[in-house]
Every structure is written in structure tokens, then in C-alpha cells.
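The structure appears below as C-alpha cells.
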Amino acid sequence: ATACGGTTKKDVSKENASAASDAKANPNAELKKGLTVGFLPKQVNNPYFTSADKGGEKALTELGSKYKEVGPSSATDTAGQVSYVNTLTQQQVDAMAVSAQDPGALCTALKQAMKNDIKVVTYDSDTKPDCRNAFVSQASAEDLGRTEVQLLAEQIGYKGEIAILSAAQTATNQNTWIDFMKDELKDPKYKDVKLVKVAYGDDDAQKSFQQTQGLLQEYPNLKGIISPTTVGIKAAAQYLSGSKYKGKVKLTGLGTPNDMRKYVKNGTVEAFELWDPAKLGELAARTAVALSSGQITGKEGETFKAGDMGEYTIGKDGVISLGKPTVFDKKNIDQFNF
Amino acid sequence: MADSSLARAVRWDTVVGALLIVVLLLSFGTVDGFGNALNLSFLIGNTLPIALIALPMTLLVVAGEIDLSVASTAGLSGAVMGALWNQGMTIETIIPICLLLGVVCGLVNGLLVTRLGLPSLAVTIGTLAAYRGIAQIVLGSDAVTDFPTQYLDFAAGRLGDTFIPYAFLPFLVLLAIAVVALHATPFGRSLFAIGASEEAARFAGIRVKRQKLVLFTVTGLMASLTGIFWALHYASARYDNATGLELSVVAAVLLGGIDFDGGKGTLGGAIAGVFLLGALQNVMSLQDVSAQSQIVVTGVLLVLSVLGPRVARQIAVARARSAPLKGRS
Amino acid sequence: MTHPSDTGPAPVLALRDISKSFGAVRALRDVSLELFPGEVHALAGENGAGKSTLIKTLAGVHRPDAGQVLLDGEPTVFHGPADARDAGIAVIYQEPTLFPDLSIAENIFMGRQPKRALGRIDHKATHAATLALMQRLGVELDPDRPARGLSIADQQIVEIAKALSFDARVLIMDEPTAALTGSEVARLFGVVRTLREQGAAVLFISHRLEEIFRICQRVTTLRDGAWISSEPVDGMTEDDLVRRMVGRDLDELYPKQEVEAGEVALSVRRLTREGVFTDVSFDVRRGEIVGLAGLVGAGRTEVARAVFGVDRWDAGEVEVDGKALTNGAPSTAMAAGLALVPEDRRAQGLVMDMSIERNIGLTGLRTTVKAGLMDRGAERSRSLDWAVKLQVKYARIADTVSTLSGGNQQKVVLAKWLATGPKVLIVDEPTRGIDVGTKAEVHRLLSELAADGVAVLMISSDLPEILGMADRVLVMHEGRLTAEIPRSDATEESVMAAATGRAAA
Amino acid sequence: MTVTAPNPAPATEVPKSSGTRLVDRVFKMRELAILVVFLVMIVITQLGNSQFLTQQGIKDLLLNATILVLVATGQSLVVITRNVDLSVGSTLGISAFAAGTYLQGGGNPVVAILLAVLVGIGFGLLNGLLVSLGQVPALVVTLGTLYIIRGIDSIWVGSRQIVASALPDGFVDFGSGGISAVPWLAMIALVVLVATAYYLKHFGSGRELYALGSNPEAARLAGIPVRKRILAAYTFCGALAGLAGALYLARFGNVDSSTGNGYELTVVSAVVVGGVVFTGGSGSVYGAALGALLLTSINSVLPALGVSSVWVLAINGILLILAIAVDRIVALRVASALKKRNARHG
Ligand SMILES: Nc1ncnc2c1ncn2[C@@H]1O[C@H](COP(=O)(O)OP(=O)(O)OP(=O)(O)O)[C@@H](O)[C@H]1O
Ligand SMILES: Nc1ncnc2c1ncn2[C@@H]1O[C@H](COP(=O)(O)OP(=O)(O)OP(=O)(O)O)[C@@H](O)[C@H]1O
Ligand SMILES: [Mg+2]
Ligand SMILES: [Mg+2]
């Protein structure tokens with residue numbers, strides 16, 4: 001691949017053929033018991049991942065398999081996450097459910113794991129498709145992106161400047177959602193809505209706080225903010241509720257009911273949305289067991305039954321979608337506790 | 001006589017080395033999944049970035065300076081590597097460019113420290129932010145993952161079925177060079193003098209500023225080499241690669257008995273410190289010790305690393321005190 | 001209650017059979033000493049005899065291994081310097097112990113500042129008290145200026161002021177005059193006499209024997225950590241004292257050899273460093289010893305530093321053997337054959353935490369090399385050679401220099417530079433803090449070097465040394481060379497006149 | 001022996017003391033320089049964005065600085081003694097959580113703040129004891145305790161978090177409230193700052209902190225209780241980190257196991273920018289506070305000017321370097337000017 005004495009991107013993309021698994025799925029295979037499934041979230045001690053993993057634990061116990069959780073204590077310690085993949089490989093678990101900090105960095109390690117007959121399911125945040133067997137997506141990225149714009153546009157009466165407060169600039173899922181938001185805004189009904197800026201708070205409370213301040217100072221006419229991250233929306237809500245902008249600048253995005261309850265009740269936030277993380281974890285666990293039992297292999301079109309959650313079909317590139325997110329507002333928020 | 005041989009016997013770098021061997025031996029015997037070649041190659045591969053930077057960092061600390069911007073320099077060269085790769089440049093030209101960039105980063109640190117006489121701690125906290133910031137500007141939110149496989153295989157693969165990653169071999173060469181440079185050349189000798197007393201070194205005709213400039217530059221070079229290795233090893237070039245690595249390097253070097261006041265320490269100790277931390281983390285993970293508890297263990301080790309020698313010294317002094325009394329009676 | 005008033009005054013402070021070892025080194029063995037009120041007591045001995053160790057024992061810095069400290073006849077244990085201070089003992093240590101970031105006034109009164117209501121510091125009173133002390137010592141130092149950047153002499157003065165400010169019953173001074181010139185010494189002695197008349201007991205250490213005869217009543221000599229004698233100064237001669245210290249008769253103190261001066265080795269032309277010295281020109285020939293005299297602060301050290309390249313100069317040039325030196329580059333100066341034995345041995349001359357061997361080896365990093373690597377054997381033999389040649393007193397060559405006595409440290413600095421085989425040797429206060437025996441030794445060495453064709457520039461505040469050793473005397477005053485006096489015309493009067501700027505006529 | 005006239009010659013006295021007074025003024029100017037940089041930055045921002053200095057804007061600026069000012073004040077005390085405390089971020093995090101857990105059960109806010117301060121004092125004492133009794137390098141020990149406290153924190157806290165809704169309303173309102181543009185929190189920080197500065201200048205034990213940082217060996221010989229002072233400095237630093245933790249809780253209403261993570265570098269930057277020297281013995285808490293104000297304000301100024309957050313980090317670092325470099329260059333220039341001046345007079 002050295003046409004002019006060196007290797008370039010083009011040479012590589014030519015080489016890169018996707019490697020799909022050749023194994024045949026047996027939809028009627030018995031669900032195995034006594035498996036060990038390792039959960040590897042982006043960060044341990046993160047409330048969101050803890051509830052997701054708890055969901056996984058519940059499902060595994062029900063299925064008679066063993067659950068374990070390992071993970072780095074920082075959400076940006078990619079090397080740490082890689083070494084945990086290695087650890088799980090060494091410990092010969094039957095499957096692992098991984099929320100990837102980085103789409104590429106885990107690949108070598110994950111492929112190594114698959115070579116050792118370990119099934120790999122990603123959840124919440126994906127890697128490149130050839131590095132895992134299946135991806136359990138919290139909701140389709142398209143749904144999330146579009147509904148958040150719809151939620152906010154309704155609140156501001158389809159008119160005025162809006163901004164987005166995201167997490168890290170590299171967060172893959174955030175960026176996909178933001179792309180769909182921009183696409184949704186192209187619809188003529190949003191002709192009076194103007195997206196003025198995307199700010200990044202790095203999922204750090206203090207930084208998100210200051211970014212919110214900055215947005216409001218820079219765009220005094222700002223009417224609304226979308227923050228598709230639980231840390232960001234919480235920090236923005238806390239700032240707004242202690243400032244003169246409370247109630248005047250609308251805020252929506254992805255948040256947990258427990259975090260946001262206070263701000264919904266005191267009028268800072270009208271409505272926001274989220275999927276149930278516990279369900280996400282549960283589906284990841286059930287997918288892992290189904291893979292290990294040979295019911296599915298991760299090919300498009302295969303179906304399997306995920307306990308009480310019903311039947312799921314594997315989509316393109318091995319993606320399994322959890323479903324539509326729930327919208328929380330004053331009326332229904334007290335029915336949820338996570 | 002007795003007290004000095006005792007003092008020499010309890011030198012901390014020897015202790016760390018011994019500790020490393022004990023941990024390795026114990027783990028071979030008792031920890032499932034530790035002793036196989038694959039795991040050992042994981043261990044070494046994941047520890048290599050820290051070890052690579054620890055080499056020049058040890059020299060720098062011996063000379064009484066510090067560079068906290070190493071992780072950012074690594075991140076920056078990874079980011080530039082990714083950006084140029086996206087531009088369609090050949091990897092064979094990109095790598096030298098990135099190394100050159102590391103040299104420039106180190107040179108900037110060095111010039112600020114030697115020409116303006118600024119404290120290196122302050123300067124490199126500044127460049128820690130600046131270099132990382134530039135990396136963010138260069139690559140933004142991209143994650144570049146499609147580097148050529150032969151390079152990726154080199155950075156992540158191992159020699160046949162042995163426990164030795166390919167990249168470990170060049171590291172050994174670099175280690176040998178660093179050990180010789182620090183412990184057997186006039187250059188190394190002058191670093192100890194600079195670290196212990198910069199003024200006296202200057203009065204002895206040692207070109208303090210130039211030596212320091214060389215050190216900072218080499219540190220930058222090694223940091224960018226680490227950045228390239230990192231991006232290939234993890235097959236991912238992002239602006240936030242290797243974030244926080246500086247603290248791991250500093251912790252490991254300190255654990256190895258390098259005195260941050262300068263003028264003391266051995267490379268052997270530093271590298272033993274690096275691999276001791278790496279091995280412990282590996283073992284603890286295999287034993288399902290949580291990440292939080294691992295942090296505590298690292299902290300306790302660090303505290304012990306400074307309290308330990310002191311306690312040992314006091315014991316040595318107490319013994320020496322009783323010795324001459326016996327001799328007299 | 002022991003008050004034997006009928007047998008004369010009781011000792012305020014006494015040491016009885018004190019022993020102290022540092023590892024294998026026995027610094028003091030069974031030493032006894034009595035200090036009486038109204039008396040100045042000298043402590044004499046060669047470098048490393050244990051004088052400073054004895055003082056540190058008195059001051060509570062060291063705890064003796066055996067023996068007793070008696071305060072007013074009562075056995076006492078000092079747990080730290082604070083205990084001794086509270087007992088009325090003030091100490092001037094051999095090496096100045098100032099706080100560089102604090103003002104002179106704060107340095108003097110640290111821990112004892114005059115207080116206002118609620119325990120707040122009375123800054124005004126502190127300032128005034130400092131001014132008064134400075135007046136008493138006859139020096140002008142601004143109480144508010146930070147101690148950083150003070151010359152060694154000024155540092156010593158601050159130390160003296162600090163000790164005086166205690167109004168202590170016992171004043172202990174470890175070589176307070178080593179860095180001072182005649183005028184300041186005279187002032188200090190005036191103050192010491194007043195204190196003595198007021199009933200204080202003073203313990204005084206100096207390697208300048210004439211000073212001992214000037215103000216002391218009794219003298220105790222130590223040799224190798226052992227007590228040799230305690231006796232009245234009256235009726236003693238310098239030779240007696242030297243014999244007790246050294247244990248033999250002394251060689252001639254100024255063994256100057258007459259040497260025919262060769263061609264110019266060091267040539268300094270119109271050298272200027274703004275604000276420090278101006279337009280300094282002189283030559284030093286091979287075989288010559290040129291003395292550079294002047295008052296403290298005249299700028300001699302600064303000239304030497306600039307010539308060697310540790311400081312940059314603003315104008316002028318320096319040549320060694322006709323080759324111009326690069327501005328601000330000690331390494332090229334060394335390569336050209338220049339050596340500088342600096343003034344401040346602790347900060348500039350030595351790396352205190354390094355071994356004797358490595359310190360001497362530091363100037364040989366280019367020569368004790370084989371194939372780019374250190375030749376450890378060569379390094380060791382070079383260091384050993386010179387340590388032995390200069391009779392450095394040490395236990396092991398691998399010991400750190402910080403364990404050596406002050407005088408022996410100075411010898412290590414000399415060894416380090418002589419080992420380079422210099423063509424031009426600049427020595428700045430080479431015998432400061434060195435005992436008479438060694439001093440004679442150093443002088444003989446310098447003399448021999450000159451005889452071998454080395455050009456020597458000797459900066460010294462010890463006028464007799466300049467007069468005894470130099471072929472020519474250069475005198476500086478306020479940053480300018482004011483006189484060049486040939487050996488035959490050099491007298492204390494002529495040099496001092498030029499140094500104080502009164503020789504213009 | 002003929003020697004110099006012992007009587008003071010007035011001709012030399014005048015330039016000397018006026019010179020030192022000038023030096024004095026320059027030293028005070030070091031803080032002034034940061035203040036000027038800060039003001040220039042604010043003015044430029046205001047010109048670029050008239051919304052910046054509204055009442056809300058000023059309040060935000062002050063609020064953002066408060067927590068860092070407190071921690072930096074404590075840190076400077078430790079740095080002045082030639083030591084360092086890297087564990088402040090961890091201490092802040094754990095004490096914030098302690099206060100939060102207590103308040104969750106509907107506790108008294110004042111007790112909660114005291115509790116946080118007590119937790120801080122506890123860890124400060126631990127650091128102080130290790131450093132002063134063990135006489136070991138502070139950098140290593142506090143890097144160790146940074147990990148230890150962080151580890152204990154995350155084991156204890158786990159995935160729990162304190163959210164605003166669980167806290168008493170009065171406490172959270174206190175965190176963002178104040179008198180017109182001046183928040184309560186900023187007032188607390190100011191009082192602490194002024195009291196600390198006064199103590200350092202006018203009390204013997206305060207001066208002794210400078211002394212022992214300036215020359216530890218001399219401090220021992222001068223009979224200064226070195227260990228006691230170092231212990232006190234660390235305890236104070238811990239107490240302020242604890243207090244800062246409580247205020248963090250009030251301000252952000254949100255604490256989890258990663259609160260305060262990586263804060264040590266920010267604090268050290270503030271102290272360094274503020275001119276507190278790492279080799280001990282010099283610098284003032286006012287400088288450190290100004291450094292903190294400058295650093296936090298940069299993070300508000302850049303978004304307010306519409307600078308994309310992609311650039312913020314780089315600009316931050318470059319400004320940090322510029323601040324210390326300019327400070328250094330000015331100091332060098334002044335020193336050489338003084339030297340020449342003295343020469344002309346002398
Ligand atoms: N801290 C120490 N550790 C080890 N040895 C020491 C220490 N202090 C002094 N010594 C040794 O004790 C002996 C006496 O030293 P001391 O400093 O008392 O001599 P001195 O009489 O004051 O000499 P000088 O005239 O050179 O100042 C010397 O051999 C010295 O090397
Ligand atoms: N480190 C320093 N920083 C600032 N000023 C200094 C420093 N060292 C010396 N000076 C000043 O420079 C001037 C000349 O220096 P110095 O005192 O060394 O001259 P000298 O003639 O060599 O005196 P000495 O007898 O002390 O060797 C003096 O005014 C002195 O105060
Ligand atoms: Mg002595
Ligand atoms: Mg001098």
C-alpha cells in the first residue's frame with residue numbers, strides 16, 4: 001500500500017473491509033444459565049451508569065447468571081477503560097457490556113476479547129461496529145435529536161434564539177444528536193428559531209455553569225437552551241434558578257427526574273426527557289445472554305425476546321434500539337424515581 | 001561503617017525494586033490470570049506510556065525541574081497526527097513532524113524556564129493548558145482511528161506468543177540510553193550537581209541553562225513519541241488522549257525515590273516505581289478490587305515511600321548510636 | 001544553691017566532660033570549659049578541632065553524647081536552641097542564618113518582636129530598635145531592606161546585631177570577624193568590651209590570632225576534639241598558642257617566593273558592569289601574585305565573577321594568554337585555563353549534599369572521561385590526590401562535604417580548582433575561616449603555583465595576607481581601581497588610603 | 001589602623017533607603033499588576049459585550065471566584081512555609097459531601113458549614129502531621145493524601161449524589177443570594193481573606209510562617225516552633241478547603257464523588273499567578289486571591305466575548321504563562337533600573 005513511498009488515509013480505507021461473524025443464529029436455542037457478564041461503564045460511581053448497571057444486575061439475577069461491574073473512576077480515563085477490558089478478558093467472563101469512552105480506543109482490546117470467545121455488547125455509547133457484537137441504543141439518535149428541538153420550540157413559541165450546551169466536544173452520542181437537531185431545525189416551521197451556538201461544558205458542573213453564564217451574556221435575547229446531557233442540564237438549571245433568567249429562558253434536554261424535580265417544581269424547567277437507564281442496562285444484559293446462548297449473532301434482522309420487555313429486532317450495523325424516550329413534566333414527574 | 005552499609009541497604013530505590021519482584025512473584029503464584037503471557041503483555045503495554053515519559057522526567061527532576069505539560073504534549077502530537085492523517089498525508093512524514101512538534105513544545109518550556117528564569121512548575125502548568133487547548137483547536141471533536149494496520153499492530157501487538165510487546169524492545173533501548181546518560185556520563189553527573197545546587201554548578205563551569213534546555217527539549221520529544229505510541233496503541237487519536245498522565249508519571253517517579261528537591265535518585269528506582277504501580281493495578285483489577293480502593297492503595301504507597309526511608313534511617317541511626325557505646329565498654 | 005562568692009565569681013555557663021560523635025567521627029571528647037561573667041574567653045584550634053561543635057552543644061543545637069552542661073552551676077539540658085536562648089545565651093553561628101525574604105529588622109527580632117495590644121507586632125518600635133543597634137555597630141543598613149543580596153560581611157553584621165539585641169548574659173561568637181574588615185572589627189570589639197564591662201560572659205572564636213590577643217582574657221585550645229589547655233592570654237605569645245593548637249612549631253605564615261614575572265596571562269581591559277564596577281583594567285603575569293584589596297563592597301568579588309563569566313559584563317574585554325574570553329561563559333573561561341575559587345564556599349564553591357570526591361570531580365567532568373563515559377577510577381584518584389595534597393581532614397572520600405568543618409570545606413574548594421591545573425587562578429578570600437596552620441599551607445601552595453608559572457589574582461580582606469603574599473597590590477574603591485602599588489611600596493597605610501578613596505592626591 | 005569614618009555619611013543613606021522604598025512599592029505593585037490586568041480584561045469585555053457588567057454579571061464574577069479565593073488563601077499559607085497541599089480538591093469534595101449528607105436529613109445550615117470545616121481540619125491535620133512530624137517532602141505526601149482522600153470519598157459516596165432539591169431552600173438561596181451585586185459567599189471569602197492577611201502581617205506567628213519558609217534551618221536555630229507552625233498552616237488550609245466545600249454545596253447544589261477532582265492544579269495556578277513563590281518565604285494572600293479572581297474571570301470573559309469554547313483552554317494557558325512572564329520581566333527591569341539609579345547616586 002505504498003504507492004508514493006508512504007501510507008496515507010486512502011490506502012487504509014481501501015484495505016478496510018468489515019469483518020462480520022459467520023456463525024449462524026439459532027433463535028430457538030435455550031437461554032444459558034450460570035454465565036458471568038461484566039458491566040464496564042464509562043465511569044463507576046456515576047449515578048446514571050449505576051442505575052443502568054443495576055438494571056443489568058436485576059435481569060442477570062433473574063436469568064440465573066452472574067453480574068459484575070468494573071470500571072475506571074474517571075470518565076476520561078480511556079487507558080483505564082482499556083485495561084479493564086483486558087482484565088475482563090483475563091477473567092474469562094462470558095460476555096461484557098461496555099459503554100465506550102472512545103469509539104476507537106477500545107477496539108484492539110475488544111477484538112482481543114471476542115477472539116477469546118467473549119461476547120461484547122455496547123450500550124449507551126458505541127464503538128466502531130466491527131469491535132462488538134451488538135449495540136443497545138438508548139433511543140434512536142434521530143428520535144432524541146428531533147424531539148428535543150420539538151420540546152423547546154413548543155416552549156418558546158417557535159420563535160427566538162436558542163443554544164445547545166453539550167458535554168465534551170468528543171462525545172460521540174452528543175454529536176450525533178446535535179446533528180439531528182440541526183437537521184430538524186431545517187424544517188420550515190422553525191424558520192424563526194435560530195441556533196446561535198453550541199457550547200461545551202465537558203460534563204463538569206462548574207464548567208457547564210460558567211458556559212451557561214457565558215451564553216446568556218453573549219446572547220441577551222436567548223430564549224432557550226437544549227442540554228442533551230444530565231450533568232449539563234442540571235448545572236444550567238441550578239444557574240438559571242438562582243438568576244434573573246429563571247423562567248424566562250427555557251431549558252430542556254436529557255435529565256433524570258430526581259435531579260430535575262426541584263427545577264420543574266420551581267418553574268425553571270417545563271419539560272425534559274430521558275429513557276429509563278435501568279431498562280437500558282436490562283436490555284444490554286439480556287442481549288449479552290442471548291448472544292452467549294447463540295439465539296442471536298448480531299446480524300441485521302435477527303430477533304429475540306427480552307423477558308418482560310418484549311421482542312426486539314436487530315437493526316442495521318447490529319444496533320438494537322430501546323424505544324422512545326419519556327418526557328417528564330410537572331404532571332408526571334412524581335411517578336418516577338431514578 | 002556499619003551504619004553506612006545499613007543505610008545503603010535500605011536505600012529506597014532498592015526497596016522499590018525488591019517490592020516489585022515480590023509483587024510479581026506473589027502474583028505469579030496466587031493470582032488467576034496474572035502469569036499468562038497475554039496478561040503480562042497487557043500489563044507492559046498499558047504501562048509503557050508512563051514508563052516512556054518517566055525516563056526524561058527522572059532526569060528533569062534530578063536536575064531540580066519538573067514538566068507537567070508532558071501529557072498535553074502527548075495529546076497534542078496525537079491530535080496533530082490525526083489531523084494530518086485526515087489531510088491525506090503519509091504516516092511516514094507525519095511521525096517526524098509530530099516528533100519535531102514535541103521538540104518545539106519542549107523547547108518552549110525550556111526557553112521560558114531558562115531565559116526568563118520562571119519556575120518550571122508554573123510554566124508547565126501553563127503549557128499544560130495551552131498545549132491541550134491547541135490540540136483541541138487542531139482536531140476538535142474528531143476521533144481518528146483508521147491508522148495503517150501495520151503500525152497499529154506494531155503498537156498493540158506482541159512478539160509471537162511471548163509476553164513482550166513489540167514496543168517494549170525500543171523502550172529497553174531508550175531505557176539503556178537514559179541510564180547511561182544519567183549515571184555514567186559527565187552530562188548526568190552535572191545534572192545531579194545542578195539539582196543539588198544550581199549556583200555551585202554554575203561556578204564549576206557547568207552550562208546550567210543549556211543542560212536544562214536540552215532536558216526540556218528531550219522531554220518534549222519523548223512526550224510526543226509517547227503521544228504517537230498512545231494514538232497507535234489505542235488506535236485512536238483524540239485531543240484529550242493521555243489526559244492526566246502527568247500525575248501518574250509524577251506519582252510513579254516519586255514512588256521510585258526521586259527527590260523532588262533535585263540532586264537525588266536513580267533511574268532504576270523510577271522505572272521500578274512505574275512498573276510497581278502498573279503491576280499492582282493489574283493485580284488488583286484481576287482480584288476485583290474496585291477502582292476507588294486502588295486509588296487509596298496508590299496514595300498509601302506514596303506516603304509510605306517517603307515515610308519508609310525516614311523510619312529506616314531512624315532505625316539505622318539508633319543502631320549506630322548503640323554501636324560505639326558497646327565498642328567503648 | 002552553689003554560690004561560692006568567696007572564691008571569685010562562679011561560672012555562668014560550664015561544660016563538663018562533654019563528648020559528641022557524628023557517626024564514626026568523634027568531634028568532641030571529654031571537653032570541659034568554664035565561662036565567667038566579665039570575661040572574654042577565646043576558643044582556639046585547627047579546622048575541624050571541634051570548636052563549632054562545642055558551641056552548638058552550648059546552644060542546644062546538638063545534644064552531647066556524654067557529659068553535662070552547667071548553667072549557674074546547675075546541670076541543665078537544652079532541648080533546643082530556644083531553651084538556650086531563654087537561658088540568656090546568644091549565639092552567632094559560623095555560617096550566617098538569615099531569612100533572605102525578610103527585612104533586616106525582622107531578621108533581628110524574629111520571634112521576639114515588640115508587641116502592641118492584643119499581641120500585634122509593633123512595627124515602628126522594631127524599626128527604631130534596629131536603627132539603634134545599627135548605630136551601635138556603626139553601620140548603615142536600612143532596617144527595611146530584605147536580607148537577600150546582602151554581602152557576606154553585611155550578613156555577619158546582621159547576625160551580630162541579632163545577638164546583641166538579646167542583652168544576653170552569655171554571648172557566643174563563632175568566627176564573627178572572618179568576613180569583616182578592620183574598621184568593622186574594631187567597632188565590634190568596642191561593643192564586646194562594653195558588654196564585658198557590663199558583666200557578660202563572651203566566648204570568641206577566630207582564626208586571626210592577633211584578635212584573640214586584642215580582646216580575650218583567657219583562651220582554651222582544642223586539638224582533634226580533645227581539650228589541650230585553658231589559661232590566661234597574658235604572658236602568652238602567638239607561637240605558644242600555635243604550638244598548643246597544632247602541636248608543633250609553625251612554618252612561616254607568608255612563604256613568599258621571589259619569581260621573575262613572565263608574559264601577561266590575564267588581561268582585563270576597561271571592564272564595566274553597570275552599577276557595580278566601572279572601567280577596570282589590569283594585567284596579571286605568569287608567576288605573579290597580584291593582590292586585590294579594598295573595603296567590603298568595593299566590587300572586587302564582582303570583578304572576579306565577571307572575569308570568570310558567572311556574571312555578564314556590559315563593556316570591556318578579558319583575555320587569557322592573548323585569547324579573548326566570551327562574555328558570560330564560565331566553561332570557555334575554564335577551557336582557557338581560568339579558575340575561580342569563589343567567596344561563598346557553601347553556596348558557590350561546593351555542592352553541599354555531594355561527596356568530597358564528586359565535588360572535586362566536578363571540575364574534571366571533561367578530563368576524567370573515557371569514550372564519553374565517566375572514568376570513575378580516574379575521577380577517584382584525581383580527587384584523592386588533591387584531597388591528600390591539601391591535607392583535607394575527612395573520614396571517607398565518599399562522605400558528603402556538609403559533614404566537614406568549615407576550614408576543610410574551604411580546602412575542598414581549593415582542591416577542586418587546583419585539580420584543573422589552571423594557568424590563571426583567581427582566589428576570592430582563600431583563607432577565610434582557615435586555621436593558621438592551613439593558612440600557611442595555602443600560602444605556600446599559592447606561592448609554589450606562582451613559581452610554576454601560574455598567574456594568581458588574590459582577593460583578600462586580610463591586609464597582612466595581601467601585603468605578605470602579593471607582588472603587586474591593586475586597590476578598588478567604589479567600583480573603580482584606584483591604585484596599583486608595587487610590593488616595595490605597599491604598606492597598610494598606602495593600601496588603606498587608596499581603599500578609602502583618600503589616595504587620589 | 002586607619003579606617004572609615006564611623007559617623008554615618010548622609011550622602012549614602014538617602015539613595016539607599018529611597019531605593020528600598022521603591023523596591024517596596026514595586027513589591028506591592030506586583031499585586032497591582034495583576035489587578036490592572038484584571039481590570040483591563042473586564043473593561044475590554046464590557047466594551048465588547050454590554051451585558052457583561054450587569055448586576056447579574058458582576059454577581060456571577062464574584063461568585064465564581066469565591067470558592068477558589070478561599071482555597072487559594074489557605075494554599076498560600078502552606079506555600080509560604082515552603083510546602084504545598086495538593087489534597088485540597090479531595091478535601092473540598094469530601095467535606096462538601098459530608099455537609100450535604102447532614103443537610104439532606106434537614107439539618108441546620110450553620111452546623112453543616114461547621115461540619116464541613118471540621119472535616120477539612122481533620123484532613124489538614126493529617127497532612128500537617130505527616131509533613132511536619134515525618135519531615136518528608138510535602139509534594140509527595142499530599143499527592144498521596146490526594147489519592148487517599150479521593151479514594152475514601154468515592155468509596156463512601158459511591159454513586160450517590162446530593163441534589164439541590166434535597167437541601168433546605170434557605171441554604172441554596174444563600175448560595176446564590178446577596179446584597180445587590182455582592183453575594184453572601186463573596187463576603188465570607190473577603191472577611192476570611194482580610195483577616196488572614198492581617199494576621200500574617202501583624203502577628204508574630206504569622207511572620208514566623210514567612211521566616212520558616214525563607215530559611216527552615218535558620219528558623220530552627222531561631223527557636224521557632226517549626227513543626228507547630230507547619231501543622232497550623234496545613235490545618236488552616238484544610239479548614240478553608242472544608243469551608244469552600246460547604247460553599248460549593250450551597251452554590252452548585254450538587255455534589256457527587258467527583259466533586260473537586262483536579263482542583264489542585266487550578267489552585268496552584270492561582271497561587272502562582274498571584275506571585276506567591278514556591279520556594280517559600282514570600283508572597284501575599286491578596287496576590288493569591290487576585291490570581292484566583294483573574295483565573296476564574298477568564299473563564300467568564302471568554303464565553304461572554306463569544307469566543308468558542310474550543311479556544312478557551314488554549315487561551316487560558318497562554319494567559320497564565322503571559323501573566324507570570326510579564327510579572328517576571330517587569331521585576332527584572334525594575335531591579336536593573338534600580339541598580340543603575342543607585343550607581344548614579346553612589
Ligand atoms: N553534622 C555533622 N555530621 C558529621 N560530622 C560533623 C558534623 N559537624 C561536624 N562534624 C565533624 O566534627 C568535627 C569538628 O567540626 P567543627 O565544625 O566543630 O570544627 P571547627 O573546630 O569548628 O572547625 P573550623 O575552624 O573549620 O570551623 C569535624 O571533623 C567535622 O567533620
Ligand atoms: N548577591 C548580590 N545581590 C545584590 N547585590 C550584591 C550581591 N552581592 C554583592 N552585592 C553588592 O555589590 C556590591 C559589591 O559586591 P561585594 O560586596 O561582593 O564586593 P567586594 O569588594 O568583593 O566585597 P567583599 O569584601 O564582600 O568581597 C556591594 O554593594 C554589594 O552589596
Ligand atoms: Mg567551625
Ligand atoms: Mg568579596
Side-chain angles (χ1 to χ4, degrees), chain C residues 59-61 80-86 91 93 95-103 106-107 110-113 115-116 118-121 123 134-135 138-148 162 181-187 274-276 278 295 463 478-479 492-493 496-497 499-500 502, chain D residues 1-13 15-21 23-24 27 80 82 198-199 201-208 210-226 277 279-283 335-346:
Chain C
V61 179
D83 282 359
R85 188 185 68 191
D86 295 343
V91 187
Y93 296 99
E95 313 292 348
T97 53
L98 297 182
F99 306 113
D101 299 290
L102 300 188
S103 71
E106 285 201 287
N107 262 288
M110 180 50 66
R112 308 170 290 119
Q113 295 96 335
K115 298 281 160 59
R116 293 191 294 160
L118 300 172
R120 287 168 304 155
I121 296 170
H123 291 292
M134 291 298 157
Q135 209 118 41
V139 290
E140 302 153 26
L141 283 175
D142 181 352
D144 292 332
R145 95 160 256 189
R148 190 184 298 286
K162 196 198 293 180
T181 49
S183 60
E184 290 148 332
V185 172
R187 268 279 164 177
E274 273 173 48
V276 186
T278 317
L295 297 182
L463 212 44
E478 292 188 349
E492 293 215 352
E493 286 71 30
M496 280 319 292
T500 50
R502 286 180 287 120
Chain D
M1 217 192 242
T2 0
V3 293
T4 28
N7 283 334
T12 51
E13 196 182 36
K16 234 184 189 174
S17 56
S18 82
T20 34
R21 230 177 287 139
V23 170
D24 242 32
F27 271 113
I80 282 170
R82 200 181 276 194
Y198 190 84
Y199 162 78
K201 184 151 173 50
H202 294 286
F203 283 86
S205 46
R207 299 313 297 168
E208 286 177 7
Y210 280 93
L212 68 91
S214 196
N215 185 347
E217 180 57 20
R220 204 172 64 87
L221 292 177
I224 294 174
V226 174
V277 180
T279 44
S282 81
S336 78
L338 266 182
K339 212 167 190 179
K340 282 180 190 163
R341 223 176 83 120
N342 275 357
R344 245 174 273 127
H345 280 271

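Order of the sequence lines fixes the chain letters, A, B, ..., with proteins taken first and strands second; residue numbering starts at 1 for each chain.
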Fill in the blank from the handout: side chain to side chain contact (heavy atoms under 4.5 Å, CB included) filter on C/Ala84, not counting sequence neighbours, yields C/Phe78, C/Ile89
Practice task
Report the distance from atom CG of C/Asp144 to atom NE2 of C/His123, rounding to the nearest 0.5 Å.
Solution key: 10.5 Å
Handout entry: Residue, of D/Pro225, D/Gly206, D/Ala219, D/Gly213, that accumulates the most heavy atom pairs under 4.5 Å with chain C
Key = D/Ala219
Handout entry: Under 4.5 Å from a heavy atom of chain C, the part of D/Tyr199 involved
Key = neither
Handout entry: Partner set under side chain to side chain donor-acceptor pair (under 3.5 Å) for D/Glu208, not counting sequence neighbours
Key = D/Arg229
Problem - For chain C, the option from D/Gly204, D/Gly223, D/Ala218 that forms the most heavy-atom pairs under 4.5 Å - result: D/Ala218
Fill in the blank from the handout: Max heavy-atom pairs within cutoff under 4.5 Å with chain C, candidates D/Lys201, D/Arg207, D/Arg220, goes to D/Arg207
Handout entry: For the student: nearest non-hydrogen atoms of D/Leu212 and D/Ile224, plus distance
Key = CD2-CG2, 4.3 Å
Completion exercise
Comparing C/Gly111, C/Pro100, C/Gly80, C/Ser103 against chain D, the one with the most heavy-atom pairs below 4.5 Å turns out to be C/Pro100
Handout entry: Distance-minimising heavy-atom pair for D/Asn215 and C/Leu98
Key = ND2-O, 2.8 Å
Problem - Nearest-0.5 Å distance, CZ of residue D/Arg82 to OH of residue D/Tyr210 - result: 14.5 Å
Problem - Residue C/Arg85 versus chain D: region with a heavy atom under 4.5 Å - result: side chain
Practice task
Check whether D/Leu221 gets within reach of chain C through its side chain, its backbone, both or neither, counting any heavy atom under 4.5 Å.
Solution key: both
